[in-house]
Structure formats: structure tokens, C-alpha cells
Amino acid sequence: MANRVKELRAAKGLNQQELGAMVGASRQTVSLIERGDYNPSVTLALRIARVFSVPVEEVFTLTGEGTE
């Protein structure tokens with residue numbers, strides 16, 4: 001799964017710690033998500049999208065095998 005979390009976070013002027021606090025996750029979790037090393041739960045993905053005021057599909061997209 002690809003994501004635009006880092007891009008959207010920077011545009012909003014937030015650091016990883018601040019975003020994490022807003023969505024109920026640690027800075028480490030935000031870092032892992034941004035690097036693509038961790039796929040968030042649906043609930044966390046929705047919370048992240050809500051912070052950026054965009055649909056979840058604008059933050060996270062499926063990539064690779066089995067995405068059709």
C-alpha cells in the first residue's frame with residue numbers, strides 16, 4: 001500500500017509526534033506508516049484522513065498484486 005502521509009503532514013505543518021497525538025498513535029507508528037513498513041488499521045487510516053480533511057483514498061492507495 002502506498003501513502004501520502006508524509007507529504008500531507010508536511011503541507012499541514014505537522015511533525016510526526018503531533019500527527020500521532022491527533023490520531024492516537026505514536027511517533028514511531030507514524031514513521032513506519034510513512035516509510036511503508038506498516039499498514040494502519042482501517043480506523044487509524046480514517047483518523048489520518050480526517051486530520052487532512054480528505055477521503056481515505058487520497059491518503060492511501062493499493063499497489064501491486066491483487067489490486068484489481
Side-chain angles (χ1 to χ4, degrees):
M1 178 165 32
N3 73 76
R4 299 176 53 219
V5 174
K6 185 174 184 176
E7 171 191 344
L8 294 167
R9 177 179 59 75
K12 200 159 177 84
L14 298 171
N15 64 37
Q16 291 176 339
Q17 184 75 37
E18 292 166 332
L19 177 59
M22 294 173 82
V23 299
S26 68
R27 182 205 60 78
Q28 293 86 351
T29 298
V30 173
S31 177
L32 289 169
I33 292 169
E34 288 183 355
R35 291 195 322 252
D37 292 338
Y38 176 77
N39 291 330
S41 67
V42 172
T43 303
L44 182 54
L46 290 168
R47 286 180 185 155
I48 291 169
R50 183 180 293 163
V51 166
F52 301 130
S53 302
V54 297
V56 71
E57 297 87 357
E58 287 189 28
V59 182
F60 300 96
T61 54
L62 289 176
T63 59
E65 198 172 314
T67 58
E68 285 86 42

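Computed from a predicted structure; not experimentally measured.
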Which value, rounded to the nearest 0.5 Å, describes the distance between [X] atom [atom1] and [Y] atom [atom2]?
X	Y	atom1	atom2	answer
Leu19	Lys6	CG	NZ	13.0 Å
Tyr38	Gln28	OH	CD	12.5 Å
Thr29	Asp37	OG1	CG	11.5 Å
Ser31	Gln17	OG	CD	11.5 Å
Glu58	Ser53	CD	OG	10.5 Å

Are any of the side-chain heavy atoms of Ile48 and Asn3 separated by less than 4.5 Å?
->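 No, their side chains stay 4.5 Å or more apart.
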Are Val54 and Arg4 side-chain neighbours, meaning at least one heavy-atom pair lies under 4.5 Å?
->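 The answer is no; the side chains never approach within 4.5 Å.
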CZ of Arg35: more than 12 outside heavy atoms within 6.0 angstrom?
->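 Above 12, so yes.
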Please answer: with hydrophobic residues joined when any side-chain heavy atoms are less than 4.5 Å apart, are Val42 and Leu62 in the same cluster?
->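 No, no single cluster joins them.
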According to a 4.5 Å side-chain heavy-atom criterion applied to Ile, Leu, Val, Met, Phe, Trp and Tyr, with indirect links allowed, do Met1 and Leu8 form part of one hydrophobic cluster?
->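 Per the 4.5 Å side-chain linkage, Met1 and Leu8 are co-clustered.
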Nearest non-hydrogen partners of [X] and [Y], listed with the distance:
X	Y	value
Lys12	Val51	CE-O, 3.2 Å
Pro40	Ile33	CB-CD1, 3.9 Å
Ala2	Thr63	CB-CG2, 3.7 Å

Examine distances only and state if a side-chain atom of Arg9 and a backbone atom of Leu14 form a donor-acceptor pair shorter than 3.5 Å.
->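 The answer is yes, because a donor-acceptor pair under 3.5 Å joins these two groups.
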